[in-house]
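Chain naming here is simple, since letters A, B, ... match the order of the sequence lines and numbering starts at 1 in each.
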2 protein chains.
Amino acid sequence: MDDYIKIFKALSDMTRLKIVWLLTNIDEKICVSEIVEVLGERQYNVSRHLKILKDAGMIREVKEGKWVYYYLLPINDKFGHFIQSAISVIPESAMSQEKAKCERLLDQRKHYDTK
Amino acid sequence: MDDYIKIFKALSDMTRLKIVWLLTNIDEKICVSEIVEVLGERQYNVSRHLKILKDAGMIREVKEGKWVYYYLLPINDKFGHFIQSAISVIPESAMSQEKAKCERLLDQRKHYDTK
DNA sequence: TTCTCATATGCATTATTACGCATATAAGAA
DNA sequence: TTCTTATATGCGTAATAATGCATATGAGAA
């Protein structure tokens, strides 16, 4: 039961729900500083929220040079599947500015990467 | 966004998740004193948790004499549908004692009702 | 090595939530 | 009406969680 509680708790904070929503709807890994810019939150808080999501088993990170990229963990059970589905149907209207900003950032990153 | 947070917050407490799980898996309305007995929680806390679930739009009550029965609200949107599905697949093993106790109580109630 | 950028974390403070106790409300029973 | 049972709630306290600030860690750049 505690594992389920942990997941619901992880999602019951605006910043964290936004992070998970972005990871779900952007379908790409994002690094901490990008989340900071997209959400307009402090860096140390974003780091902490990411830790909570990681402890709940929802995300994982990969290090690449100075950066730490976070991505959604693919689900392995029915419960996680339904939870991810629930998040994926949260309408974009609730997150429109954030999504636009995020897409702009990711686009910049691609241009930078290919230079 | 706040409505989604409210639902996740409502579910991120052991007592409340157990209540919702019971209402989901028993498929019958339950009154406050039955929940109190099944979960072994104090009456005033159960009442408060029920209020939080009600404010999140997950349950509703009907009054019958001295008793107040609570039941799951049928879902009207995709998000709620997935959340209810997630709860319904939480394995019975996590709630076995409670479910058994609850079934025993409901059975007693039926016998009492038909007297 | 030293500097800078990206990320994480220890510690104190504030804010939120859960709880206990007492009591209010509400309805049927006596 | 008074008594009892069922449920809800006000108020204070305890437990949890989120935040701010400073700083640590870690990696590439100079």
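Straight-line distance from the CH2 atom of B:Trp67 to the P atom of C:dG28: 9 Å, rounded to whole Å. Straight-line distance from the NZ atom of B:Lys29 to the P atom of D:dA6: 16 Å, rounded to whole Å. Atom CZ of A:Arg48 is separated from atom P of D:dA22 by 13 Å (rounded to the nearest Å). The CD-P distance, from B:Glu37 to D:dT5, rounds to 15 Å in whole Å. One atom, OH of A:Tyr44, and another, C1' of D:dT23, lie 13 Å apart when rounded to the nearest Å.
The shortest side-chain heavy-atom distance between B:Ile5 and B:Ile7 does not fall under the 4.5 Å cut-off. Inter-residue side-chain proximity for A:Leu22 and A:Ile35 is flagged as unmet; no heavy-atom pair is nearer than 4.5 Å. Counting heavy atoms from C-beta outward, A:Met14 and B:Tyr4 have side chains that stay 4.5 Å or more apart. Taking 4.5 Å as the limit, some side-chain heavy atom of B:Leu72 sits within range of a side-chain heavy atom of B:Ile59.
Taking a cutoff of 4.0 Å between a charged side-chain nitrogen and a carboxylate oxygen, A:Glu37 and A:Lys101 do not qualify as a salt bridge. For A:Asp2 and A:Lys6, the salt-bridge test fails: no basic side-chain N is under 4.0 Å from an acidic carboxylate O.
Checked against C:dG28, D:dA27, C:dA8, the side chain of A:Lys66 finds its nearest nucleotide in D:dA27. For B:His49, taking side-chain heavy atoms from C-beta onward, the closest of the listed nucleotides C:dT7, D:dT7, C:dA18 is C:dA18. Set against D:dT9, D:dT19, C:dC19, the side chain of B:Ser47 has D:dT9 as its closest nucleotide.
In this model, the phosphate group of C:dG20 is approached by a side-chain N or O of B:Asn45 to a distance below 4.0 Å at OP1 or OP2. Dashed line: the shortest gap from a side-chain N or O of A:Arg16 to OP1 or OP2 of D:dA18 is under 4.0 Å. For A:Arg42, a side-chain nitrogen or oxygen approaches OP1 or OP2 of D:dG20 to under 4.0 Å.
Each of B:Tyr70 and A:Ile52 lies near DNA chain D, and the nucleotide nearest B:Tyr70 is the one positioned closer to the 5' end. Ranked by how close their nearest DNA chain D nucleotide is to the 5' end, B:Cys31 and A:Gln43 are led by B:Cys31.
In this structure, the side chain of A:Trp21 engages the main chain of A:Ile90 through a donor-acceptor pair within 3.5 Å.
Of the residues in residues 5-15 of chain A, those with a non-hydrogen atom less than 4.0 angstrom from any atom of DNA chain D are A:Lys9, A:Asp13.
At a threshold of 4.0 angstrom between heavy atoms, the contacts of A:Ser33 are confined to the sugar-phosphate backbone, with no base atom among them. Nucleic acid contact class of A:Lys51 (heavy atoms, under 4.0 Å, all strands): sugar-phosphate only.
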